[in-house]
Every structure is written in structure tokens, then in C-alpha cells.
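Only this structure's heavy atoms are used, side chains among them; waters, hydrogens and symmetry mates stay out.
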Amino acid sequence: MINASQLFLIILCVIIIASGQILFKVVGLRSVDDFSAQSLLSDHVTLGTLLFALTLYMISTFLWIHILRTVPLSTAYPFMALSFVLVPLSSWVIFKEPMSWSDGTGATLIVLGIVLMSRGSI
């Protein structure tokens, strides 16, 4: 059984990973014409965004390791699927990317799957 603070850390880890993905998209959009090391190094905003995204991934990795010290992997890992809900939803809001009914249905099924898998754990 996981407690509220463990659940909070798991959700925080998912949010950090999803945020990193959004920042990777920002980097991709800023460097759409020429994605080379030289152009990346000369554009300090894009480089900073990339480094921040990588830092978020590093933080989430250490947070995940901390979580797994006390939460069984089989209990914690299904929550990572929430990133497959958060990233498309964020892309729809931030980048105005299309979102279809099938995307919404899939996201709903993911959430229902997490609820089913975590029954008794929360």
C-alpha cells in the first residue's frame, strides 16, 4: 500500500518527465531548419532549453530511484503511463496539435488501466 506522499512523488516524477518531453519539442521547433551541434551551440536559448530538459530528466531519474526504495516497481510503474496522457494533452494546449476522439478514448483507457492496476495499492 502506498501512502499519499509516495503517490505525490510518483505523480511529480511523471509531471517532470512530461515537462521534459514538452521542452524537447520546443527545442525541435526552434531548430527546425538546421539541427546541428554548431547551430545548437550558437543559439543560447535553444541550448539552455535543451540543457533544462536534460536536467529535468536527470532529476526525475534520481526521484524515481528514491521512489523505488520504498514502493514496489510493480505498483509504481503503471503510473508512468500517465505521461502518455499528459504529453498529448499538453501538446494540444501548448502547441495547438490536433487531438482526436480516439486520442481522448485512449487516454481514458490508460487512466482506467492505472486505476485497475493500482486497486488495493492506494
Asker: Please give me the minimum heavy-atom distance between I110 and F84, naming the atom from each residue.
Answerer: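 It is CD1-CB, 3.8 Å.
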
Asker: What I'd like to find out is whether the side chain of M80 reaches to under 4.5 Å of the side chain of I17, using heavy atoms alone.
Answerer: yes

Asker: If you take all heavy atoms of A107 and V85, which pair is closest and at what distance?
Answerer: O-CG2, 3.8 Å

Asker: Table please: side-chain donor-acceptor pairs of residues 97-104 below 3.5 Å, with sequence neighbours left out.
Answerer:
| residue | atom | partner | partner atom | Å |
| --- | --- | --- | --- | --- |
| E97 | OE2 | K25 | NZ | 3.1 |
| S100 | OG | S102 | N | 3.4 |
| S100 | OG | S102 | OG | 2.8 |
| S100 | OG | D103 | N | 3.2 |
| S100 | OG | D103 | OD2 | 3.3 |
| D103 | OD2 | S100 | N | 2.9 |

Asker: If you count heavy atoms of other groups shown closer than 6.0 angstrom to CZ of F8, is the number above 12?
Answerer: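 Atom CZ in F8 is not crowded, with 12 or fewer foreign heavy atoms closer than 6.0 Å.
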
Asker: Is there a chain of hydrophobic side chains (I, L, V, M, F, W, Y, each step under 4.5 Å between heavy atoms) that links M1 to L68?
Answerer: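 Cluster IDs for M1 and L68 differ.
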
Asker: Is the shortest heavy-atom distance from the side chain of Q6 to the side chain of I67 under 4.5 Å?
Answerer: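 The answer is no; the side chains never approach within 4.5 Å.
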
Asker: Linking I/L/V/M/F/W/Y whenever any side-chain heavy atoms sit under 4.5 Å apart, do L7 and L116 land together?
Answerer: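 No, L7 does not connect to L116 through the hydrophobic network.
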
Asker: Quick check: is V115 connected to L109 through a chain of hydrophobic side chains (ILVMFWY, heavy atoms under 4.5 Å apart)?
Answerer: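 Different clusters: L109 never reaches V115 through Ile, Leu, Val, Met, Phe, Trp or Tyr contacts under 4.5 Å.
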
Asker: G20 and A53: which non-hydrogen atoms are nearest, and at how many Å?
Answerer: O-CB, 3.9 Å

Asker: Restricting to pairs with a member in residues 49-77, which pass salt bridge (charged side-chain N to carboxylate O under 4.0 Å, His left out), not counting sequence neighbours?
Answerer: none

Asker: So which atom in S19 and which in L56 form the shortest heavy-atom distance, rounded to 0.1 Å?
Answerer: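 Smallest interatomic distance, heavy atoms only, reads CB-CD1, 4.0 Å.
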
Asker: May I ask you to check whether S83 and Q21 show a side-chain donor-acceptor distance below 3.5 Å?
Answerer: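 Side chains of S83 and Q21: no pair found under 3.5 Å.
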
Asker: Is any side-chain heavy atom of I22 closer than 4.5 Å to one of S91?
Answerer: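 Result yes, sub-4.5 Å side-chain heavy-atom pair found.
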
Asker: Specify the closest pair of heavy atoms between L50 and V27, including all atoms of both residues, with the distance to one decimal.
Answerer: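 So the minimum-distance heavy-atom pair works out to N-CG2, 3.6 Å.
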
Asker: For residues 39-79, which residue pairs qualify under ring pair (Phe, Tyr, Trp, His ring centres under 6.0 Å), counting only residues two or more places apart or in two chains?
Answerer: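 Non-adjacent pairs meeting ring pair (Phe, Tyr, Trp, His ring centres under 6.0 Å): F24-Y57.
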
Asker: What pair of heavy atoms forms the shortest contact from L82 to I11, and how long is it?
Answerer: CD1-CD1, 3.7 Å

Asker: Are I16 and L54 in one and the same hydrophobic cluster, where Ile, Leu, Val, Met, Phe, Trp and Tyr link if side-chain heavy atoms are under 4.5 Å apart?
Answerer: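 As far as the 4.5 Å side-chain criterion goes, L54 and I16 are connected within one cluster.
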
Asker: Is there a path of hydrophobic side-chain contacts, each under 4.5 Å between heavy atoms, that joins L86 and M117?
Answerer: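 As far as the 4.5 Å side-chain criterion goes, M117 and L86 are not connected within one cluster.
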
